[in-house]
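Note that the structure is predicted; figures quoted are calculated from it, not measured.
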Amino acid sequence: MYSLAQSVRIKGAAGEPIPNPSKALQKLDVEFRRGEFSLCSAGPGTGKSLFALNLALFGSMPSIYWSADSNAATQLSRATAIITGDSVKSIKAKLLSDDFGEYERILGERWWIRFNYDATPSPADMERDLATYFEVFGCYPHLCVVDNITNVDIGGSPDAESFTFGLEGMCEYLNDMARETQSHVMALHHVVGEYSDGLKPIPLSGVKGKIGRVPSLILTIHREQDDEMGGNQILNVSPVKNREGVVDASGGTFAALELDSQSLRLTDVVDISSANF
């Protein structure tokens, strides 16, 4: 046990926010703090993986990304587009034609972010990766992304009740991971069928499995098309649970981010200046 005075000395990096690319989210007091666990939920194809990847590539920080939902070619093309600002389609074409040499140097500079592409990583796999990262770099990642939480192999779930309890247990596990490593751990997750089209605000009750108890921060994302922005999409990010700031469980309060359809970069709609990648 620790006194309050002793707690000051042993807190370490817990509570320290990692670099946040969105001032709009900061205005809602949304920060991704080390030692805490968050959940980001949206319908399929809405952009939750791109939101997490933009966060991981911003701010020059050590990161691990468990990419169970996307393969290496997809993530490499997306990451290269976000870093360079080039078109993701042209990058993918160069990658598939083995004409990728021009990007090797700039990607080599991002040595601090590591990906695991196992389709169903287990908790043991994740612990191995964290131990390896610490052994190689002398620190744990500041950000860990689990994409997505339902892909983690936690054993069979024969019915809906077992599935929910399994997800709840995985949330507890990831929360412990954040505490032990002083990383911010973000898990991506799905929503219930009513909100799966991603076209309207998603409330806290729309998170699949109703697993809102453990995370300190829960974000939901819905999208809208903006014809005035050249076909780019607007991703509206709602803090439906937030222990440190603005919260609106209905999903009706959100920060609007523009998703560039070419570079896949996310920028605040109110501030379209280039992010620092």
Side-chain angles (χ1 to χ4, degrees), residues 14-56 58 143 145-150 164 167-168 170-172 174-175 178 184-226 229 232-259 266-272 275:
E16 175 185 318
I18 64 174
N20 187 342
S22 173
K23 292 181 180 178
L25 283 173
Q26 289 178 317
K27 287 181 179 179
L28 296 178
D29 299 319
V30 173
E31 296 286 3
F32 306 96
R33 301 181 185 279
R34 295 177 62 184
E36 295 184 358
F37 167 56
S38 67
L39 197 66
C40 180
S41 296
T46 299
K48 57 184 179 291
S49 294
L50 288 173
F51 177 80
L53 187 59
N54 270 267
L55 178 63
F58 182 81
L143 173 67
V145 177
V146 182
D147 185 4
N148 61 66
I149 194 171
T150 56
T164 298
L167 287 178
E168 189 83 4
M170 179 51 57
C171 286
E172 294 277 11
L174 295 176
N175 189 56
H184 181 86
V185 178
M186 172 184 283
L188 309 187
H189 190 36
H190 299 295
V191 294
V192 297
E194 179 184 352
Y195 300 101
S196 60
D197 60 8
L199 298 177
K200 55 188 174 183
I202 302 169
L204 180 60
S205 60
V207 175
K208 189 173 183 179
K210 304 296 189 292
I211 52 173
R213 179 181 62 85
V214 178
S216 60
L217 173 68
I218 300 179
L219 304 174
T220 62
I221 304 176
H222 69 284
R223 69 179 185 271
E224 57 183 280
Q225 194 78 21
D226 195 324
M229 293 185 174
N232 292 348
Q233 290 187 353
I234 305 299
L235 301 189
N236 297 317
V237 184
S238 305
V240 296
K241 180 181 178 182
N242 187 4
R243 290 178 182 162
E244 300 283 347
V246 175
V247 60
D248 179 357
S250 74
T253 301
F254 48 79
L257 309 180
E258 180 187 355
L259 175 62
L266 279 171
T267 52
D268 294 334
V269 169
V270 295
D271 179 12
I272 59 172

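Contact record, A187 with L174: CB-CD1, 4.0 Å, taken as the closest heavy-atom pair. Here the shortest heavy-atom pairing between D268 and A24 reads OD2-N, 3.1 Å. Summarising the geometry of L219 relative to P239, their closest heavy-atom pair is CD2-CA, 3.8 Å, with the distance given to 0.1 Å. Nearest heavy-atom pair across S238 and G251 is OG-O, 2.8 Å. Across I211 and V207, no two heavy atoms sit closer than the pair CG1-CG1, 4.2 Å. Of all non-hydrogen atoms in N232 and L259, the two that sit nearest each other are CB-O, 3.2 Å.
A salt bridge links E172 with R213: at least one charged nitrogen is closer than 4.0 Å to a carboxylate oxygen. Comment: R33 does not engage E16 in a salt bridge, judged by the lack of any side-chain N to carboxylate O separation of less than 4.0 angstrom.
At least one donor-acceptor pair closer than 3.5 Å links the side chain of K210 to the backbone N or O of S205. Under a 3.5 Å cut-off, the side chain of H189 and the backbone N or O of K208 do form a donor-acceptor pair. Remark: the backbone N or O of I221 is not paired with any side-chain donor or acceptor of K48 at under 3.5 angstrom. Between the side chain of K241 and the main chain of G212, a donor-acceptor pair closer than 3.5 Å is present. Between the N175 side chain and the C171 main chain, no donor and acceptor come within less than 3.5 Å of each other. Here the side chain of D147 pairs no donor or acceptor atom with the backbone of L188 at under 3.5 angstrom. Side-chain atoms of T220 come within 3.5 Å of backbone N or O of I202 as a donor-acceptor pair.
Between Y195 and P203 there is a side-chain heavy-atom pair separated by less than 4.5 Å. Side-chain contact check for E224 versus Q233: every heavy-atom pair is 4.5 Å or farther apart. Counting heavy atoms from C-beta outward, M186 and V146 have side chains that stay 4.5 Å or more apart. Looking at V237 and F254, their side chains never come closer than 4.5 Å, going by heavy atoms from C-beta outward. Contact annotation: the side chain of K200 never approaches that of R223 to less than 4.5 Å [non-hydrogen atoms, C-beta and beyond]. V30 has its side chain within reach of L217: a pair of non-hydrogen atoms, C-beta onward, lies under 4.5 Å apart. Taking 4.5 Å as the limit, every side-chain heavy atom of L53 sits out of range of all side-chain heavy atoms of F58. Between P21 and L55, the closest side-chain pair of non-hydrogen atoms falls below 4.5 Å.
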Margin query: Applying side chain to side chain contact (heavy atoms under 4.5 Å, CB included) to E258 and I234, what does each step give before you reach the verdict?
Written below: CA-CA 5 Å; E258 180 187 355; I234 305 299; 4.1 Å; yes

Notebook entry, point to check: Hey, mind stepping through S38 and H184 against side-chain hydrogen bond (donor to acceptor under 3.5 Å, both in side chains) and telling me if it holds?
Noted result: CA-CA 8 Å; S38 67; H184 181 86; 2.8 Å; yes

Next item on the list: Evaluate the criterion side chain to side chain contact (heavy atoms under 4.5 Å, CB included) for residue pair C40 and F51; output intermediate values, then yes/no.
Entry: CA-CA 9 Å; C40 180; F51 177 80; 4.1 Å; yes

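Judged purely by distance below 3.5 Å, without hydrogens or angles, the side chains of D248 and S250 pair a donor atom with an acceptor atom. Side-chain contact check for H222 and N236: at least one donor-acceptor pair (N or O, by modelled atom type) lies under 3.5 Å.
Between the CG atom of D29 and the CZ atom of R243 there is a distance of 16.0 Å, given to the nearest 0.5 Å. Of the inter-residue distances, the one linking N54 atom CG with S49 atom OG reads 11.0 Å to the nearest 0.5 angstrom. Between I218 atom CD1 and N242 atom CG the span is 10.0 Å, to the nearest 0.5 Å. Going from atom CE of M170 over to atom CD1 of I149 covers 6.5 Å, rounded to the nearest 0.5 Å.
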